[in-house]
Amino acid sequence: MKFRSIMDPVKLYSAKEAVVRGLAPDGSLFVPASIPKLPADFFNRLAGMSITEIGFNVAHCFFGEELPEKDLRGVIDRACNFDAALRKLDDQISVLELFHGPTLAFKDFGARFMAELLGYFKRQDETSLTILVATSGDTGSAVASGFYNVPGIKVVVLYPSGKISPIQEQQITTLGGNISALEVEGTFDDCQRLVKEAFKDSKLSTRVGLTSANSINISRLVPQVFYYFRALAQLPELQSKIIVSVPSGNFGNLTAGLIAKQMGLPIEHFVAATNANDVFVQYLATGEFKPRSSVLTLSNSMDVGNPSNLPRIQYLYSNDLAKIRADVETYSFSDKETQAAISEAFAKSKYILDPHGAVAYLGLKKALQKHATAQGIFLETAHPAKFPEALPANVHSQVKMPERLTQYLNLEKKSIRVAARLSEIVKYL
Ligand SMILES: *Cc1c(COP(=O)(O)O)cnc(C)c1O
């Protein structure tokens, strides 16, 4: 599979070029030159198929020309050494738990796979790389953990000071070694803008071997396709109409789901569930995309005012708004509704949602009102123990803190405070 820039349909890039560069030379996003279809035989075998077997089949479509089977299987086995587990909450609703990785959020899928793949490509040409990543919380921790101690790769994480949860901050700032944490005096959008500015500066970018680990990197997106297949592999009601609700911020997760559908996965349609940061809701309603500053909510990893994957969604649908609307419905929910949903799911099903999963749960319930016979799946993108402050008190007291989270709490925070200006960031690259 070759890759191309969204802006330029002619020039093609190898997977290695697309992954190592992160962004195309014209500053826009890489996309696969076409979306591969998986054969009928694969779908006949899907029921019960493991995450690693699915991962190999899906990743082979994108990277098979450049990684021999044995190497690709090695990458997948090391990156996906935990499952995406589907649990039924009631007759109609299942939750896909994506938090069984080392930092307890779904971004482990993307970050670990990317670390393995970059490490693989880098060993071929022995250059060094600096990963520059902006985070609203979970990306930074997943990337820091995934790349920790990977030889020849330095990681610089930009996060908005005071706007991520204390546990997320511990996960980013306590590793040290090849991981540096810059605490930016600004919002997540400032962090994302600084990353974009750094990439636009081609001299800087070449000098330090800059690459990106945000969901703008295509290698983050591909492993997120795996778990949509894995969800259906565990669903007994495969014949029903299936609706999947995705809690969305930068829309990488939803983009991966839409790619899975175009690869042939029988998902009827998607719900893009957002918090008060609802530019996508406005976009689908009016056809106009108006980015704006993000506002702080309980589901802080979705506090994004300028979702970077929107151009990829438009590309997948040939810029046809009507086609996007046919596959995606979208809603926005307030913090109050989010907390009420957490209380409700706990009372009804004894299930503890995190605030991001709760937004997806709300979106799914809205969609199921219109599709009474459908089977619904919502994605639980983080473990609730990562966001204790956001849970209602009676639910909070029931959360068990997993050990891989507590290990971070006693470590010393090491971060550098910087103003939201590129000249400040450059000093640390
Ligand atoms: C990043 C994140 C999201 C949003 O995912 P996008 O791919 O940016 O839309 C949702 N939930 C959690 C817990 C996250 O960390």
Side-chain angles (χ1 to χ4, degrees), residues 29 84 95-111 114 133-146 157 159-160 163-165 167-169 171-172 188-189 191-192 212-218 220-225 227-228 244-260 270-275 277-281 294 297-310 312-313 328 330 332-333 338 342 353-363 378-388 390-391 405:
L29 300 172
V95 49
L96 183 68
E97 294 181 341
L98 299 175
F99 55 71
H100 296 290
T103 71
L104 299 102
F106 82 101
K107 292 194 174 76
D108 284 325
F109 280 95
M114 179 179 173
V133 64
T135 186
S136 56
D138 288 333
T139 299
S141 34
V143 168
S145 155
V157 181
Y159 71 95
K163 297 191 177 66
I164 67 176
S165 84
I167 290 171
Q168 289 174 326
E169 185 168 26
Q171 288 181 315
I172 293 166
F188 170 64
D189 295 313
C191 297
Q192 194 151 258
S212 144
N214 278 101
S215 52
I216 51 181
N217 194 301
I218 194 74
R220 284 265 314 266
L221 228 45
V222 171
Q224 293 181 205
V225 175
Y227 50 68
Y228 289 91
V244 178
S245 177
V246 185
S248 296
N250 244 331
F251 285 75
N253 208 355
L254 180 71
T255 304
L258 298 173
I259 292 174
F270 288 88
V271 180
T274 67
N275 57 31
N277 296 283
D278 64 350
V279 288
F280 188 77
V281 178
S294 55
T297 74
L298 290 177
S299 44
N300 67 37
S301 300
M302 292 154 44
D303 294 347
V304 183
N306 186 3
S308 57
N309 278 287
L310 186 69
R312 283 202 175 110
I313 295 178
V328 186
T330 180
S332 145
F333 300 97
T338 304
I342 296 172
L353 294 170
D354 98 294
H356 306 79
V359 171
Y361 171 78
L362 285 165
F378 69 95
L379 308 192
E380 175 51 298
T381 43
H383 191 287
K386 282 194 100 165
F387 304 95
L391 305 177
L405 210 49

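We count ligands from 1, going down the list as the structure has it; atoms in each ligand are counted the same way. Residue numbers run from 1 in the order of the sequence given.
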Identify, by atom number and element, the atoms of ligand 1 in contact range of N253, meaning under 4.0 Å from any of its heavy atoms. 7 (O)
Considering only heavy atoms of T381, which atoms of ligand 1 have at least one such atom less than 4.0 Å away? 10 (C), 11 (N), 12 (C), 13 (C)
Taking N or O atoms only and a 3.5 Å limit, does K107 qualify as a polar contact for ligand 1? yes
With only distance considered, is Q224 within less than 3.5 Å of ligand 1 through an N or O on each side? no
Keeping N309 on the side-chain end and R312 on the backbone end, is there a donor-acceptor pair under 3.5 Å? no
Kindly say whether S299 contributes a backbone atom to a donor-acceptor pair with the side chain of N275 at under 3.5 angstrom? yes
Residue list, salt bridge (Lys or Arg N to Asp or Glu O under 4.0 Å) with D278, at least two apart or on another chain: R292
As an exercise, identify every atom of ligand 1 less than 4.0 angstrom from a heavy atom of G249. 4 (C), 6 (P), 8 (O), 9 (O)
Do we see a donor-acceptor contact under 3.5 Å between the side chains of N217 and R220? no
Look at the rings of F251 and F280 and say which category their plane angle falls in: under 30° parallel, 30 to 60° tilted, over 60° perpendicular. tilted
Got a sec, which residues hit side-chain hydrogen bond (donor to acceptor under 3.5 Å, both in side chains) with Y159, two or more places apart in sequence or on another chain? E169, E183
Can you list the atoms of ligand 1 that are under 4.0 Å from a heavy atom of A382? 13 (C)
Ligand 1 to S248, heavy atom cutoff 4.0 Å, flagged ligand atoms 9 (O)
Contact with ligand 1 for A105, non-hydrogen, under 4.0 angstrom: no
Evaluate side-chain hydrogen bond (donor to acceptor under 3.5 Å, both in side chains) for D303 paired with N277, printing each intermediate quantity in order. CA-CA 6 Å; D303 294 347; N277 296 283; 3.2 Å; yes
Short question: side chain of T338, backbone of A358 - any donor-acceptor pair under 3.5 Å? no
G252 neighbourhood, listing ligand 1 atoms whose heavy-atom distance to it stays under 4.0 Å: 6 (P), 7 (O), 9 (O)
Against heavy atoms of M302, which atoms of ligand 1 measure under 4.0 Å? 3 (C), 4 (C), 10 (C)
Atoms in ligand 1 flagged as close to D138, the criterion being non-hydrogen separation under 4.0 Å: 12 (C), 13 (C), 14 (C), 15 (O)
